[in-house]
Student: 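Structure in structure tokens, see below.
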2 protein chains.
Amino acid sequence: MSKTTIRDVAKRAGVGVGTVSRVLNNSPSVSEATRQKVQTAIASLNFIPSQAARRLSQGKTMAIGVVVPFFTNPSVVRRLQGVVSVLSVSEYDLILFDIEKVDRRDMALRSIPQRNLADGLLLVSLTPSDMDVEQFALADIPTVLVDAYHPALNRVLVDNAAGGYQATKHLIDLGHRQIGYISDYLNDPFNSPVRDRFTGYKRALAEAGIDFRPEYHRQGEHGRFQAQQMTHDLLALPDPPTAIFAYSDTQAIGVIEALRELSLSVPDDLSVIGFDNIEAAEYLRITTIRQALFDSGVKGAELLLSIMAAPPQTPQEILLPTELVTRRTTIQHNNAF
Amino acid sequence: MSKTTIRDVAKRAGVGVGTVSRVLNNSPSVSEATRQKVQTAIASLNFIPSQAARRLSQGKTMAIGVVVPFFTNPSVVRRLQGVVSVLSVSEYDLILFDIEKVDRRDMALRSIPQRNLADGLLLVSLTPSDMDVEQFALADIPTVLVDAYHPALNRVLVDNAAGGYQATKHLIDLGHRQIGYISDYLNDPFNSPVRDRFTGYKRALAEAGIDFRPEYHRQGEHGRFQAQQMTHDLLALPDPPTAIFAYSDTQAIGVIEALRELSLSVPDDLSVIGFDNIEAAEYLRITTIRQALFDSGVKGAELLLSIMAAPPQTPQEILLPTELVTRRTTIQHNNAF
DNA sequence: GGATCAAATGGAACCGGTTCCATTTAGCGA
DNA sequence: TCGCTAAATGGAACCGGTTCCATTTGATCC
């Protein structure tokens, strides 16, 4: 029942509303004696200033909207944790939006800036369309992309092409020449990393003089079970790969489970490399490409805060490196020398 | 630059502000012709109603505050995913608060209802103090606890004592009589599950006529590495346990890593059982106690929404069951029969 | 002692919606 | 055609803060 207002406080303290407001905002131009009187009145009335009223009169929301797709995806969660670690110690509240369905994407992305309930927007692993970007500009809302790209927007990126190259190169260096790639759908317009890693994969193959074999590339919905199925498909090939590069660690886990089903040994029968270095990859000793997931969230949040403080002329870009982490799922291939 | 207001729209459409407001809120008492005029004006001015103003005049925030401790804890994340799955399709926004430090707990819990920026509050794995609860009542803010208990508040609970009993009973049934328990600090006032599971552990021992041996119980900060260390301590005992019950799967992973360091085999040399059934437990084939993590979040969010719609007279309680999931880290103990 | 100026304070106007009451308009029956 | 009621509409007041301008207070200096 916090219906006490600033005017009640003013009356109780025997001062004007402006003075109470000044006390609330630590304005220096209030005498110590008055400040005390007001503080006493606030305490005795159990007064709680209305955030809504403050927001309306100041024209600021003191909130940041964070939009994530598939909140169940572990790498998205890890990035979000980085975002949260920064925002939870900032003066901004974090409003979380989860977009599970593609058809909700457009609606959500359009409605968030419109309702202007946030002073800034952070999109994680989500590529906005040109129309969305236009909306952001119209609403004049500072926006940062994490793990997604748009030329007009500030972004924190991971060098996915380099990562795809590193992964494939690692397998090639181990003597593998038949290397499968299991990934999400390449033609998803909102998922550019899947294409970038594929580019790196093909470049590594080309450099090593290995022809790209389309039948070695399988694509499907992202997920452990789908990857498991695709692995079975790959291994049913007349000339199956000796190593598999999985687009994500989650998918690498699916690959490994498929092999377990077939009583095949990893890495002796087949080498597997993942991507992301999520926690489970460490537990399962999966060789993978580490990308700074948590850090990308941190950097994204920091970038957003700095942009909100001082808007840059041109979109900023932060590029994070990838790194090979060698564990137990990849091994030298015993070529028929 | 969304400085167009409802008055601009009214002028443009040649109607009163009240009528525009009615159109915005789909009031039935507007003629179709007028509605069209207003819609046209809204579209041509690119008008965006201010959420802040609406909130102030309506006295509702249309937001729900969700507070989690240690957002990096996988079981907390899983619960949160359940919460998000419900709220993201509701008409409420989700404001996320993460409390990493204990000293921020009090401040956060007190300030959230105070700033009344949420119509409802959901605390995950976080026990509020009596003083906090008083604040909630004072602010008249509907509150639900998930995985935490307070007599005056609505809650969604897991039967931790039963789970602790099940875990210990399972080990006893396998022939183990020297059973260690690795846990968080028992005296943490805000962590009641740790005590409940301990109670179940002791009850199972007592029923089997096994004396509780204090040296078999180790407690420390929650975490994989801490559990790893405690395992080393336990195994350095003159008469070490043959099985270990870990308070959480995360800690069970630490136990297993310690054993790997000692070149001991799980489960042949030592049986290990965890708690929670997080995803990694499945990958690592860890025997554990399943609790409905995701579902607890779903139930909590649903309960909160229903309470906000119709406040119950007495605090509601939902109790979720636990279930033994047998995998590869526990095995029959070869007793000296 | 009086003039000057800075500090402290009061309070109306404002932020942009919603709501409710007063007023106008339309529809219908006699 | 008049009267009555219901539907549609206009707009002031309000939500509870902030801000800015006008005013009061008090100290300083000549």
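Each chain gets a letter, A, B and so on, in the order its sequence line appears, and its residues count up from 1.
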Student: For B:Arg54 versus B:Pro49, what's the shortest heavy-atom pair and its separation?
Tutor: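 Taking every non-hydrogen atom into account, NH2-CB, 4.3 Å.
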Student: Using rotation axes that map the C1' atoms of four end pairs onto the next four (five pairs an end), what angle separates the end axes of the helix from C:dG1-D:dC30 to C:dA30-D:dT1, to 10°?
Tutor: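 Rounded to the nearest 10 degrees, the bend comes out at 40°.
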Student: If you compare every side-chain N and O of B:Arg54 against the phosphate oxygens of C:dT18 (OP1, OP2), does one of them come in below 4.0 Å?
Tutor: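 Yes, B:Arg54 has a side-chain N/O under 4.0 Å of OP1/OP2 on C:dT18.
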Student: Counting any heavy atom closer than 4.0 Å, what does B:Val30 reach on the DNA or RNA strands: base, sugar-phosphate only, or nothing?
Tutor: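 Sugar-phosphate contact only.
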Student: Can you tell me the distance, in whole Å, between the CG atom of B:Asn26 and the P atom of D:dA8?
Tutor: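 That distance rounds to 15 Å.
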Student: Have a look at B:Gly18 and say if it touches a base, only the backbone sugar-phosphate, or nothing, with a 4.0 Å heavy-atom cut-off.
Tutor: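 Answer is base: heavy atoms of B:Gly18 come under 4.0 Å of a base.
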Student: Under 4.0 Å between a side-chain nitrogen and a carboxylate oxygen: does that hold for B:Asp93 and B:Arg55?
Tutor: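 Yes, charged N to carboxylate O under 4.0 Å.
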Student: Do A:Asp295 and A:Lys299 sit within salt-bridge range, that is, some charged N less than 4.0 Å from a carboxylate O?
Tutor: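 Between A:Lys299 and A:Asp295 there is a salt bridge, with a charged N closer than 4.0 Å to a carboxylate O.
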Student: Considering all heavy atoms of both residues, which atom of B:Leu126 and which atom of B:Pro69 are nearest to each other, and what is their separation?
Tutor: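 Closest pair (atom of B:Leu126, atom of B:Pro69, distance): CD1-CB, 3.7 Å.
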Student: Between B:Asp132 (side chain) and B:Ser129 (backbone), is there a donor-acceptor pair under 3.5 Å?
Tutor: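 Yes, because the side chain of B:Asp132 sits within donor-acceptor range (under 3.5 Å) of the backbone of B:Ser129.
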Student: Starting at CE of A:Met62 and ending at P of D:dG17, how long is that distance when rounded to a whole Å?
Tutor: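 It is 17 Å, rounded to the nearest whole Å.
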Student: Rounding to a whole Å, what distance do you find between B:Asp8:CG and C:dC14:P?
Tutor: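 Rounding to the nearest Å, CG of B:Asp8 and P of C:dC14 are 15 Å apart.
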Student: How many Å lie between CZ on B:Arg55 and C1' on C:dC15, as a whole number?
Tutor: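 Distance check: B:Arg55 CZ to C:dC15 C1' gives 16 Å.
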Student: Hey, is the side chain of A:Ser31 poking within less than 4.0 Å of OP1 or OP2 on C:dT9, counting only N and O atoms?
Tutor: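 For A:Ser31, the contact criterion (side-chain N or O under 4.0 Å from OP1 or OP2 of C:dT9) is met.
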Student: Round to the nearest Å and state the distance from A:Ile6 atom CD1 to D:dC15 atom P.
Tutor: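 Between P of D:dC15 and CD1 of A:Ile6: 14 Å.
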Student: What's the closest nucleotide to the B:Ser50 side chain, out of C:dG11, D:dG17, C:dG16?
Tutor: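 Closest nucleotide among those given: C:dG16.
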Student: Can you tell me how far C1' of D:dT9 sits from CG of B:Leu24, to the nearest Å?
Tutor: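 Rounded to whole Å, this separation is 15 Å.
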Student: Over how many whole Å does the gap from B:Ile48 atom CD1 to C:dG17 atom P extend?
Tutor: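 Going from CD1 in B:Ile48 over to P in C:dG17 covers 10 Å.
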Student: Ignoring hydrogens and angles, does a donor from either the side chain of B:Arg7 or the base of D:dG10 sit under 3.5 Å from an acceptor on the other?
Tutor: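 Per atom types, no contact qualifies.
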Student: Starting the side chain at C-beta, find the nucleotide from C:dT9, D:dG16, D:dG17 nearest to B:Leu56.
Tutor: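 Minimum distance to the B:Leu56 side chain belongs to D:dG16.
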Student: What nucleotide among D:dG10, D:dG16, C:dT9 has an atom nearest to a side-chain atom of A:Thr34?
Tutor: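 So the side chain of A:Thr34 is nearest to C:dT9.
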Student: Choosing from D:dT19, C:dT19, C:dT9, which nucleotide comes nearest the side chain of A:Gln58?
Tutor: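 Shortest atom-to-atom distance from the side chain points to D:dT19.
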Student: Look at the side chain of A:Arg22 and the base of C:dG10, then say whether one donor and one acceptor between them are separated by less than 3.5 Å.
Tutor: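 Check passes, donor-acceptor contact within cut-off.
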Student: With DNA chain D as reference, determine whether A:Ala53 or B:Arg35 sits nearer its 5' end, using the nearest nucleotide of each.
Tutor: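 Between the two, 5'-proximity favours B:Arg35.
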Student: Specify the closest pair of heavy atoms between A:Ala152 and A:Val133, including all atoms of both residues, with the distance to one decimal.
Tutor: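 In this case the closest contact between A:Ala152 and A:Val133 is CB-CG1, 4.1 Å.
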Student: Rounded to the nearest 0.5 Å, what separation is found between the CD1 atom of B:Ile307 and the CG atom of B:Leu153?
Tutor: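 Interatomic distance, B:Ile307 CD1 to B:Leu153 CG, rounded to 0.5 Å: 9.5 Å.
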Student: Is the distance from OP1 or OP2 of D:dG10 to the nearest side-chain N or O of B:Thr19 less than 4.0 Å?
Tutor: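 For D:dG10, OP1 or OP2 has a side-chain N or O of B:Thr19 closer than 4.0 Å.
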Student: Quick check on D:dT18: is either OP1 or OP2 less than 4.0 Å from any side-chain nitrogen or oxygen of A:Ser21?
Tutor: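 Answer is yes, contact under 4.0 Å.
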Student: Search all heavy atoms of B:Thr127 against all heavy atoms of B:Tyr149 and return the closest pair with its distance.
Tutor: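 Result for this residue pair: CG2-O, 3.5 Å.
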Student: How many whole angstroms separate atom NZ of B:Lys11 from atom C1' of C:dG16?
Tutor: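 After rounding, the gap between these two atoms is 14 Å.
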